[in-house]
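Report on the structure given below.
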Amino acid sequence: MAKEVVNREENYSQWYNNLVTKADLAENSAVRGCMVIKPYGYAIWEKMQAALDKMFKDTGHVNAYFPLFIPKSFFSKEASHVDGFAKECAVVTHYRLKNDPNGKGIIVDPEARLEEELIVRPTSETIIWSTYKNWIQSYRDLPILCNQWANVVRWEMRTRLFLRTAEFLWQEGHTAHATKEEAVEETEKMIQVYANFAQNWMGVPVIVGKKTESERFAGAVDTYCIEALMQDGKALQAGTSHFLGQNFAKAFDVQFANKEGKLDYVWATSWGVSTRLMGALIMAHSDNNGLVLPPMLAPIHVVIVPIYKGEEELEMICNRAKELKKELEAKGIVVKIDNRDNVRSGFKFAEHELKGVPVRLAMGPRDYQNGTVEIARRDTLEKQTISQEGLADYVARLLDEMQKNIFDKALKFREEHTYKVDTYEEFKQKIEDGGFILAHWDGTAETEAKIKEETKATIRCIPLNAELEDGVCMVTGKPSKQRVVFARAY
RNA sequence: CGGGGUGUAGCGCAGUUGGCUAGCGCGCCACGUUCGGGACGUGGAGGCCGAAGGUUCGAGUCCUUUCACCCCGACCA
């Protein structure tokens with residue numbers, strides 16, 4: 001498949017460019033792989049944030065904010081957690097600069113060394129749990145359902161725009177519960193929130209499942225995830241929700257008095273999605289003309305391009321366009337009139353397609369005369385001329401249809417690139433083509449590691465809603481009760 | 001940290017055996033003609049050829065050192 005897909009990873013850079021650039025940091029800077037999110041890209045992120053934030057609030061969560069800096073000692077408390085992050089942490093060691101006494105600019109003041117180094121948060125479990133300790137005495141203090149919108153830093157060996165930047169924006173939910181059942185329920189609820197967002201807002205179909213032990217979050221008892229398939233056949237983990245058990249409560253000594261008056265450790269969850277979602281959005285829907293944005297996340301729904309000769313005609317058409325804009329806006333549709341005089345209309349068409357604006361209306365003197373407008377939809381690139389009468393209703397319906405169509409198209413793609421495989425030989429062949437492979441696995445980390453080693457494919461997840469089916473592991477022949485999802489992943 | 005590759009204008013590149021004032025495309029600026037799918041013409045601005053050292057009458061080009069970036073692996077959302 002990979003060969004036929006035109007918009008492979010290397011081709012995305014063209015349409016990334018409207019959204020982000022790689023940060024232009026000073027030469028010799030040790031920081032690599034940071035990105036500048038441009039206004040248009042940030043507008044998409046804001047739409048995502050707003051939708052997610054509302055979903056969090058609707059499920060009973062509140063926002064809070066915790067420090068960027070975490071004392072080093074906090075990390076030593078949960079052993080597997082620190083194992084997971086130790087290798088990719090930025091560390092603050094000093095708090096002051098001074099003029100170089102040798103006149104060579106600015107140096108770090110060696111006198112200003114911190115007694116305890118501070119870690120720039122790679123994730124906030126440790127600082128949040130050391131805070132929660134002070135918030136929790138009784139079962140009456142529970143549950144705590146906090147979310148934080150923040151940036152985090154992970155010093156990755158290798159970065160990739162959107163998918164793995166050294167600094168990224170995300171949200172992280174951290175909850176504390178009195179019972180295991182409640183915490184598990186929360187974990188599952190939030191992965192469903194993410195699945196709902198991915199599918200209904202982003203138009204990206206996802207498989208909801210659990211990670212295997214070796215793919216699990218550092219410090220978690222269970223990691224739930226949503227996995228999406230990109231158009232180049234690679235899988236992308238788009239969101240995770242972790243059941244942390246009592247690991248962090250024990251590490252940070254967070255106990256509460258239950259109804260019986262006995263002390264118990266609280267049960268925890270954490271869950272997050274990041275700007276990586278924008279990468280998913282791009283790679284799931286883009287075509288050779290650029291981005292394709294689902295209307296629900298498009299910063300601009302409709303662009304009106306006036307076609308004219310001379311200022312008189314421009315004014316005449318723009319006035320009509322403004323009236324149409326008002327009608328559309330009354331339906332909650334975001335409209336931009338592109339009346340730039342310094343570029344031609346063909347250029348504007350191409351540019352708005354590149355940026356993924358869902359609907360384009362072009363109006364020239366002919367349309368003005370006839371009371372019509374040319375309407376073009378971004379997802380199918382179809383154009384037709386329709387009446388200006390009832391335009392707002394037409395566009396509103398079209399946007400709904402496009403939202404659905406974009407999802408359906410992605411779903412169809414995924415279904416066409418999901419294969420059931422029963423032998424390891426076939427697996428090795430099939431994995432070269434990309435896509436999801438459903439196969440039996442004996443449940444051991446050894447087999448999983450062997451497969452990864454030999455094929456670069458990982459178990460993306462053990463799907464939650466999959467039908468049980470007796471089978472044998474394609475590698476070892478040991479019994480298996482259900483198929484798991486394999487893929488090569490970002 | 002291993003294996004490959006690249007540094008020349010804002011971006012993308014050519015310049016391969018050393019030679020005069022370093023070139024092309026895009027973009028940018030000015031004027032004009034255009035304007036229903038990325039316009040065209042004319043003129044113009046913009047470069048210590050990644051850095052340092054060396055060879056030479058002469059270095060973008062050869063040698064040495066060094067720095068940076070990109071790709072592929074290991075790590076990861």
Side-chain angles (χ1 to χ4, degrees), chain A residues 9-10 13-14 17 21-33 83-89 122-123 150-172 194 211 214-218 220 223-228 235-242 270-280 289-290 305-311 313-314 317 339-355 360-370 372-376 381 383 385 449 452-453 456 458 460 488-490:
Chain A
E9 191 200 346
E10 60 263 35
S13 57
Q14 193 194 356
N17 199 38
T21 54
K22 213 179 322 153
D24 191 10
L25 298 165
E27 259 181 54
N28 299 324
S29 163
V31 185
R32 311 272 172 250
D83 273 355
F85 286 101
K87 286 163 282 181
E88 49 183 49
C89 285
T123 178
N151 57 339
V152 288
V153 169
R154 296 182 188 175
W155 216 272
E156 302 287 354
M157 291 175 186
R158 205 170 139 217
T159 57
R160 194 174 286 196
L161 270 189
F162 278 125
L163 302 185
R164 197 174 301 112
T165 42
E167 178 189 359
F168 56 95
L169 303 182
W170 76 345
Q171 59 70 216
E172 44 182 330
Y194 288 152
K211 286 292 185 194
S214 39
E215 297 276 328
R216 201 175 281 161
F217 175 72
T223 289
Y224 294 71
C225 62
I226 52 173
E227 291 288 327
L236 184 72
Q237 178 174 312
T240 48
S241 180
H242 313 290
S270 70
W271 28 272
V273 293
S274 71
T275 36
R276 171 180 265 201
L277 287 181
M278 293 171 70
N289 293 327
V305 179
I307 292 157
Y308 60 94
K309 287 183 198 138
E311 268 180 45
E313 224 171 68
L314 173 64
I317 290 169
N339 59 358
R340 282 177 297 173
D341 197 23
N342 52 358
V343 289
R344 309 170 108 219
S345 42
F347 181 90
K348 294 177 184 176
F349 291 175
E351 188 181 65
H352 292 119
E353 277 165 13
L354 194 61
K355 291 176 121 177
R360 182 187 69 237
L361 301 174
M363 183 167 45
R366 239 170 22 230
D367 293 301
Y368 188 88
Q369 289 284 312
N370 303 338
T372 57
V373 67
E374 184 194 78
I375 186 166
L381 296 168
K383 291 191 288 197
T385 300
K452 184 176 179 182
E453 167 87 32
K456 292 182 198 155
T458 50
R460 301 317 303 156
R488 285 188 182 150
Y490 277 108

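Letters go in sequence order (proteins before strands), and every chain restarts at 1. Only a predicted model underlies this, so the values are computations on that prediction, with no experimental measurement involved.
One distance of note links CZ of A:Arg360 with CD of A:Glu351; it measures 12.0 Å at 0.5 Å rounding.
The side chain of A:Arg164 sits closest to B:C76 out of B:C76, B:G38, B:G36. Comparing B:C75, B:G37, B:G36 by their closest approach to the side chain of A:Pro365 singles out B:G36. Comparing atom distances between the A:Ala362 side chain and each of B:G36, B:C76, B:G38 picks out B:G36 as nearest. You'll find that the side chain of A:Arg344 is closest to B:G36, out of B:G36, B:C75, B:G37. Of all nucleotides listed (B:G36, B:G38, B:C75), B:G38 comes nearest to the side chain of A:Ala350. Picking from B:G73, B:C75, B:G37 the nucleotide with the shortest atom distance to the side chain of A:Glu88 gives B:C75.
Among the atoms of the strands shown, base atoms are found under 4.0 Å from some heavy atom of A:Arg360. Residue contacts shown for A:Gln171 are absent, as no nucleic acid heavy atom lies under 4.0 Å away. Using a 4.0 Å heavy-atom cutoff across all strands shown, A:Thr240 reaches no nucleic acid atom at all. Among the heavy atoms of the strands, none lies under 4.0 Å from A:Phe85. A:Lys211 comes within contact range of no nucleotide atom at all, as no heavy-atom separation falls under 4.0 Å.
Straight-line distance from the NZ atom of A:Lys348 to the P atom of B:C35: 14 Å, rounded to whole Å. Regarding A:Arg216, its CZ atom lies at a distance of 18 Å from the P atom of B:C75, rounded to whole Å. We find that CD of A:Glu313 is positioned 14 Å from P of B:U34, with the value rounded to whole Å. Rounding to whole angstrom units, CZ of residue A:Phe349 and C1' of B:G38 are separated by 11 Å. Per the geometry, CZ belonging to A:Arg460 stands 12 Å off P belonging to B:C76, to the nearest Å. When rounded to the nearest whole Å, the span between CZ of A:Phe347 and P of B:G27 equals 8 Å. Counting to the nearest Å, the C1' atom of B:C75 and the CD atom of A:Glu215 are 12 Å from each other. For the pair A:Lys309 NZ and B:C35 P, the computed distance is 5 Å after rounding to whole Å.
A:Pro122 places none of its side-chain heavy atoms less than 4.5 Å from the side chain of A:Val153. In this structure the side chain of A:Arg154 reaches within 4.5 angstrom of the side chain of A:Thr123, judged on heavy atoms.
Comparing B:G4 with B:A51, their P atoms sit 25 Å apart, to the nearest whole Å.
In this structure B:A74 sits in no base pair that meets the Watson-Crick or G-U test at under 3.5 Å.
Using modelled atom types, one finds a donor on one side chain and an acceptor on the other under 3.5 Å when comparing A:His242 with A:Thr223. In this structure, a donor-acceptor pair under 3.5 Å is absent between the side chains of A:Asn339 and A:Tyr308. Inspection of the A:Arg216 and A:Ser214 side chains reveals no N or O donor paired with an N or O acceptor under 3.5 Å.
Within 3.5 Å, no donor on the side chain of A:Glu353 pairs with an acceptor on the base of B:G38, nor the reverse.
Nearest-nucleotide positions on RNA chain B place A:Glu374 closer to the 5' end than the other of A:Glu374 and A:Ala489.
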